[in-house]
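All residue numbers refer to positions in the sequence shown, counting from 1. These numbers were taken from a predicted model, which means no experiment stands behind them.
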Amino acid sequence: MAEEGRAGETGTRGREDDPGRQAGDVPIPVDARPKARGVAKSPLFGAEHAARYERQSLIREYEELHTCRLIVMRDAIFPDGVTYLEELLFDADPAEDLHMMLDSPGGDGETAVRLARSAQARCARFTVIVPDQAKSAATILALGAHEILMGPTSDLGPVDPQFQLADGRSLVAAKDIIAAVAAAEAAIATNPDTYPLHASLLSDVSGLMVQQARSAIDRSSDLVLEALKSSPDRTAKAAKAALAKLKDPLIDGPKNHAAVFGADDAIACGLPVTKLDPSSEQWQQIWRLYAKYFALGGPIYEGRYSSRAPGASG
């Protein structure tokens with residue numbers, strides 16, 4: 001992640017591929033730039049960031065072929081993501097279509113609705129691309145799109161609120177928090193001597209977290225409805241009808257966070273899913289780009305010019 005630690009700074013410093021500018025430079029008026037220079041970046045700087053430039057080149061190729069703006073969001077969904085998304089969209093053309101490549105295990109549903117509304121406000125048509133997984137809160141975000149592009153590996157999932165543990169990185173499902181506490185209470189009621197054991201096992205869980213988990217589960221249907229209504233393609237009546245179809249497979253029915261909800265499941269529920277042929281040019285483009293993010297690892301927000309890797313050092 002050392003590379004992305006440096007790359008993460010480019011969103012606030014400008015476009016390094018601008019011929020008159022390098023990272024950290026104060027913007028140079030066009031007329032004042034040396035005309036003989038003609039070098040976009042120094043050799044070492046280019047070498048250090050070569051992987052990022054290659055990804056951004058693939059992003060621009062996709063944009064040209066599909067006449068859109070493409071951004072990549074690979075992260076758990078929590079409030080900081082609103083700022084990172086704004087960094088990618090601060091100069092968005094509202095007349096341009098927006099495609100978001102989304103890879104996320106879930107997170108905060110309230111933030112997901114904010115992200116969906118923000119994306120919709122910045123484009124003519126909003127499409128979410130799911131190369132791998134968009135679970136829970138990420139599913140909520142996808143529900144706010146005009147269209148969802150999915151392939152053979154794509155997976156949406158239960159709208160099952162997720163909570164961060166004390167380490168700030170690990171996620172645990174609200175249903176699992178409640179189930180674990182209920183199981184511990186039952187075991188302690190039967191054998192009080194087991195209290196120290198269960199207290200140790202649940203050391204990351206507080207009474208407040210349990211209550212928050214219950215409240216988040218109760219809020220799930222409302223969040224799904226709000227996301228559905230954020231798409232201009234749906235009337236309030238259509239959004240309620242869509243919620244009725246999604247309630248069992250996405251909210252009430254799943255027993256665990258890993259439950260699969262693929263393209264065929266989404267289509268059967270009436271979602272605006274386009275199922276891409278894995279041999280199609282578009283899916284090949286998507287997978288070629290996604291593979292680079294998979295190999296990179298870690299969270300990242302990236303577009304044609306901006307790149308930020310939260311938590312990276314450097």
So which pairs with a foot in [range] pass salt bridge (charged side-chain N to carboxylate O under 4.0 Å, His left out), sequence neighbours left out?
| range | value |
| --- | --- |
| residues 276-299 | Glu54-Lys292 |
| residues 239-249 | Lys247-Asp252 |
| residues 109-120 | Glu110-Arg219, Arg117-Glu226 |

Donor-acceptor pairs under 3.5 angstrom involving side-chain atoms of residues 185-201: please list them, not counting sequence neighbours.
{"from": "Thr190", "atom 1": "OG1", "to": "Ala186", "atom 2": "O", "distance (Å)": "3.1"}
{"from": "Asn191", "atom 1": "OD1", "to": "Asp193", "atom 2": "N", "distance (Å)": "3.2"}
{"from": "Thr194", "atom 1": "OG1", "to": "Asn191", "atom 2": "O", "distance (Å)": "2.7"}

To which residues is Leu44 joined in a hydrophobic cluster, defined by side-chain heavy-atom contacts under 4.5 Å among Ile, Leu, Val, Met, Phe, Trp and Tyr, whether direct or through other members? none

Under 4.5 Å between any side-chain heavy atoms of [X] and [Y], yes or no?
| X | Y | result |
| --- | --- | --- |
| Leu246 | Ile251 | no |
| His49 | Ser307 | no |
| Thr153 | Trp283 | yes |
| Val159 | Leu223 | no |
| Pro152 | Trp287 | no |
| Tyr62 | His99 | yes |
| Leu296 | Arg55 | yes |

Check: [X] side chain, [Y] main-chain N or O, donor-acceptor pair, under 3.5 Å:
| X | Y | value |
| --- | --- | --- |
| Gln284 | Pro278 | yes |
| Gln120 | Pro232 | no |
| Ser230 | Ala227 | yes |
| Thr139 | Leu156 | no |
| Arg122 | Ala92 | no |
| Ser306 | Leu88 | no |

Just to verify, what does [X] make a side chain to side chain contact (heavy atoms under 4.5 Å, CB included) with, not counting sequence neighbours?
| X | answer |
| --- | --- |
| Ala112 | Ile77, Ala137, Ile140, Leu141 |
| Ala124 | Asp97 |
| Pro272 | Arg234 |
| Glu147 | Arg125, Thr127, Leu149, Thr274 |

About how many Å separate CD1 of Ile129 and CE of Met73, when rounded to the nearest 0.5 Å? 14.0 Å

Hey, what do you get for CG (Asp75) to CG (Asp80), rounding to the nearest 0.5 Å? 8.5 Å

ILVMFWY cluster, Phe126 and Leu85 together (side-chain gap under 4.5 Å): yes

Under a single-linkage definition using a 4.5 Å side-chain heavy-atom cutoff for Ile, Leu, Val, Met, Phe, Trp and Tyr, are Leu276 and Leu70 assigned to the same hydrophobic cluster? yes

Go through the side-chain N and O atoms of Asp103 and Tyr293 and say whether any donor and acceptor fall under 3.5 Å apart. no

Across all chains, not counting sequence neighbours, the salt bridge (charged side-chain N to carboxylate O under 4.0 Å, His left out) partners of Glu96 are Arg304

Using the salt bridge (charged side-chain N to carboxylate O under 4.0 Å, His left out) criterion, which residues pair with Asp155? Sequence neighbours excluded. Lys135

Only distances under 3.5 Å count here; give the side-chain donor-acceptor pairs of residues 211-218 to other protein atoms, sequence neighbours excluded, each with its distance to 0.1 Å.
{"from": "Ser215", "atom 1": "OG", "to": "Gln211", "atom 2": "O", "distance (Å)": "3.1"}

Salt bridge (Lys or Arg N to Asp or Glu O under 4.0 Å) for Arg74 and Asp132? Distances and angles first, verdict last. CA-CA 10 Å; Arg74 188 170 194 261; Asp132 185 11; 5.9 Å; no

Count the heavy atoms of every other residue, nucleotide or ligand shown that sit under 6.0 Å from NZ of Lys275, and state whether that count exceeds 12. no

